[in-house]
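Here the structure is laid out as structure tokens; the discussion comes afterwards.
Residue numbers run from 1 in the order of the sequence given. This is a predicted model, so every value here is computed, not measured.
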Amino acid sequence: MLEGLLQPTHLLVIFGIALLVFGPKKLPELSKGIGEGIRGFKSATKELVDASDKGSSADHYSSSR
């Protein structure tokens, strides 16, 4: 269903529309904000997975005694 959704021509059209809507001065700031948001989301997700792994290994250790 979503095959070929982000082909290079589609990305160029999306970039062109974003350039028209936000303008050339605002677009780098917007990209920076989106990048920081994605990095924060990845970091939070990694922390949750690590905490979950530590909790499950501690539970497994205590139940095996």
Side-chain angles (χ1 to χ4, degrees):
M1 181 177 167
L2 298 175
E3 294 174 10
L5 183 65
L6 294 176
Q7 294 178 355
T9 53
H10 294 139
L11 293 175
L12 286 174
V13 170
I14 292 169
F15 179 73
I17 291 171
L19 190 61
L20 289 173
V21 171
F22 296 109
K25 292 182 181 178
K26 202 71 166 160
L27 203 56
E29 295 172 18
L30 183 66
S31 302
K32 181 181 176 184
I34 291 172
E36 289 174 352
I38 290 172
R39 270 184 249 116
F41 180 75
K42 283 184 177 180
S43 174
T45 304
K46 187 177 184 315
E47 289 175 7
L48 286 173
V49 169
D50 290 345
S52 173
D53 288 345
K54 286 181 182 177
S56 65
S57 65
D59 291 341
H60 178 35
Y61 179 72
S62 65
S63 65
S64 65
R65 288 182 134 191

Residues 24-41 side chain polar contacts: donor-acceptor under 3.5 Å, at least two apart:
from, atom 1, to, atom 2, distance (Å)
S31, OG, L27, O, 3.0

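- Every residue two or more places apart in sequence or in another chain that forms a side-chain contact (heavy atoms from CB on, under 4.5 Å) with E47 is listed here: S43.
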Under the salt bridge (Lys or Arg N to Asp or Glu O under 4.0 Å) rule, what do K54 and D50 come out as? Steps first, then yes or no, please. CA-CA 6 Å; K54 286 181 182 177; D50 290 345; over 6 Å; no

Using a 3.5 Å cut-off and no angle test, enumerate the donor-acceptor pairs between side-chain atoms of residues 5-16 and protein atoms at least two apart in sequence or in another chain.
from, atom 1, to, atom 2, distance (Å)
H10, ND1, L5, O, 3.1

